[in-house]
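Below you'll find the structure, written out as C-alpha cells, and then a few comments.
Any value given below was found using the heavy atoms of this structure, including those in side chains, with hydrogens, waters and symmetry copies removed. Every chain is numbered from 1, with letters handed out A, B, ... down the list of sequences.
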Amino acid sequence: MTAPTPTAPVPTAPRTAAAPRAGLGRAVHAEWLKLWSVRSTGWSLAAMVVVGAGLTTLICALVADELSTGETGEPVGAFVTWGLLFAQVTAVVLGALTVTSEYGTGMIRATLSATPRRGTVLAAKSVVLAGTLFVTGVVTAVLGWLGGNPFLDAEGLGLSLGDDGLLRALVGSGLYMAGLGLFAMAVGLLLRSTAATVSVVLALVFVVGNLVVLLPGAWGEWLTKLMPGNAGGRITAVESFNPLLLGPWTGFAVFAAEVAVLLGLAAVAFARRDA
Amino acid sequence: MIVASGLTKRYGDRVAVDAVSFAVRPGRVTGFLGPNGAGKSTTMRMVVGLDRPTAGTVTVDGARYADAPAPLRAVGALLEARALHPGRTARAHLRWLAASNGIPAARVEEVLGLVGLEAVAGQRVGRFSLGMGQRLGIAAALLGDPPVVVLDEPVNGLDPEGIRWVRSLARDLAAEGRTVLVSSHLMAEMALTADHLVVVGRGRVLADCPTADFIAAHAASFVRVRTPEPGVLAGLLRARGADVTRDGDELRVQGADTVAVGELAAGAGLVLHELGLVRSSLEDAFMTLTAGDVEYAARPAEVTR
C-alpha cells in the first residue's frame with residue numbers, strides 16, 4: 001500500500017448546481033449494489049433454486065409411481081412445488097441478513113449516514129429484497145415444475161400451465177418468498193441479531209406452526225390457519241396436504257397483513273432507536 | 001459551520017453529553033479533545049443524526065443533517081473505523097455509498113487514490129488492517145466532497161507515516177475553507193493538528209479556545225533550584241513575592257524566572273547545585289484539567305499483606 005504525498009492537493013468532485021435529493025430511487029440503487037456485493041446473497045439464492053427445484057424434481061421422481069396407483073390418498077398437486085417447503089429457509093436467512101448483517105458489522109451507521117431518513121432506508125430494503133425473492137421464488141417453482149412434471153406425466157398425472165391452480169402456485173411461490181423475506185427482515189430489525197432472527201422465524205414457521213394444532217378444539221384449528229407459514233405457504237401449492245388451511249388467496253391476505261403489522265412495528269422501532 | 005446548543009444525551013440515568021454548546025468554524029482545524037468516555041463520539045454521532053439528542057440541537061450550516069438533500073455532500077464523517085461489511089470490497093463499499101447520494105462513480109476512484117488504497121480496492125475489507133480500514137473510512141468521508149468534515153479518532157491504528165498524512169490532510173481541508181472537526185484523546189496529537197480546541201470531560205465543555213491560548217493557560221512552568229541552604233533562599237524569594245514550595249533541598253518557584261532566582265542567590269552569596277526551568281507537558285496540562293472528569297480512571301493497586 002502506498003501512501004499519497006502529504007502535499008497532494010485534495011481533488012474535488014464537480015459540484016452540481018442543485019444537489020439531487022437522496023430519495024427513494026437512490027436508496028434503492030444503493031441497496032441493490034449492497035445486496036449483490038456480498039457473497040451470501042448469491043449463495044442464498046442459488047441454494048433456494050437448487051434446494052427448491054431439486055427436491056421437487058426428486059420427490060416427483062420418487063412418488064410418481066405410487067401416486068399413479070391412487071392408494072396414497074395424497075393430492076398430486078401438492079408435489080409439483082414441494083421443494084419450496086425447504087427452500088423457504090433461504091428466504092428467511094436472506095431477509096434476516098438484509099438488516100442483521102448491518103447491525104452485526106456496524107454498517108448500519110454508514111447506511112444511516114448516507115440516508116438519514118429511516119423510512120426511506122426501510123422502504124428501499126423492502127423493495128430490493130421483495131423484488132429479488134419474488135423473481136427467485138418464481139424461477140425456483142417453475143424449474144421444479146419443469147424438472148418434476150415429466151415424471152408425473154409418465155404416469156399420466158402431469159399438470160400443465162392451464163390446469164387449475166398451477167399458474168397461481170408458481171407466481172404464489174414468488175409472492176410467498178417475498179413476504180417471508182420481509183417477515184424475517186422485520187423480525188431482524190426488532191432483534192438486530194442474525195442468530196436470534198433466523199431461529200425465531202424458522203421456529204415460528206416450522207415448529208410452532210405445526211404444533212399449534214395440538215391445542216384443544218377451535219384454538220388449535222384457528223391458530224393453525226393463522227400461523228404465518230401456514231397461512232402464507234398455502235399459495236405456493238396447487239393442492240395442500242393439510243385440508244385445515246385457509247384458501248390460497250385468503251391465506252395469503254392474512255399472511256400479508258401479518259407481514260404489514262410486523263413491518264409497521266419494525267419501522268417504529270427503527271425510527272426511535274439510536275443506530 | 002457546526003453549531004451545538006444545549007446538546008444533551010442521556011442513556012438511562014447516565015448523562016453522556018450534558019448541555020454542550022460550541023461552534024466549529026470553517027477554515028481551521030478544530031480539535032475535539034477529551035478522555036475516553038467524555039462524550040466526544042456521542043456528540044459526533046448526534047451531528048450526523050445517528051443518535052437522537054435527549055435535548056438541545058446541533059446543526060450543520062444551519063440545517064439538521066437529516067434534512068440535507070444529499071447528506072454525504074454536506075458532511076463527511078469518519079465515525080467508526082469499522083462501519084463496513086467484511087465481505088464487501090473497498091470499491092463496492094464506496095460505490096453503494098456514492099449511489100445513495102447520487103455521487104458519480106468516477107469519484108470513487110478519485111478518493112481511493114487520495115487515500116492510497118487503489119491497489120487493494122478490489123480486496124474484501126475483512127482482510128484489511130486497522131490502518132487500511134481507517135483510510136477507507138476517510139475515503140468514505142471525502143466521497144461527497146463535503147464542506148464539513150468530521151473525523152472521530154482518525155489516527156487510531158495508523159502508522160507514524162499515516163498519522164502525519166491525516167494531520168496534513170486535516171490542515172489541507174481546513175485551508176480550502178472547509179469546516180474540520182477532529183477528535184482525539186491525545187493532547188499531543190491535537191497540539192500538532194488543531195488551531196482551536198474544544199475540550200470536554202464527562203459530557204461538559206471544559207475549554208473552548210485557540211490551541212495556543214490553551215497551552216499558555218494550562219501548561220504551567222516553574223523554576224527548580226537546589227541549594228544547601230534552602231530555608232534562606234526560600235525566605236529571600238518569598239520576600240520578593242514569589243511562590244515557593246520546598247521539598248528537602250529542592251525549591252519549586254513560581255513568579256520568578258531563572259535569571260531572577262540566580263541573581264538573587266548570587267547577591268546573597270548562596271551556593272546553587274541546580275537551577276532550571278521545568279515546563280509541564282501538554283499532556284500534564286490536559287490531565288490536570290480533566291482530572292476530575294475522567295470516567296474510567298486507573299487507580300494504583302493497593303498493597304495488601
Cationic N near anionic O, under 4.0 Å, [X] to [Y]:
X	Y	value
K9(B)	D274(A)	yes
R164(B)	D159(B)	no
E110(B)	R107(B)	yes

Heavy-atom pairs under 4.5 Å with chain B - which of [options] has more of them than the others?
options	result
R118(A), H29(A), K34(A), E31(A)	K34(A)
A275(A), S40(A), G104(A)	A275(A)
T111(A), V28(A), L112(A)	T111(A)

Top contributor to chain A contacts, counting heavy-atom pairs under 4.5 Å, from H93(B), R45(B), R95(B): R45(B)
Non-hydrogen atoms of K40(B) and S183(B) that approach each other most closely: CD-CB, 4.1 Å
Parallel, tilted or perpendicular: ring planes of Y103(A) versus F270(A), cut at 30 and 60 degrees: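 It falls in the perpendicular class, over 60°.
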Approximate separation, where rounding is to 0.5 Å, of S100(B) OG and L33(A) CG: 9.5 Å
Given a strict heavy-atom distance threshold of 4.5 Å, which part of [X] is in contact with chain A: side chain, backbone, both, or neither?
X	value
Y11(B)	side chain
R167(B)	neither
R171(B)	neither

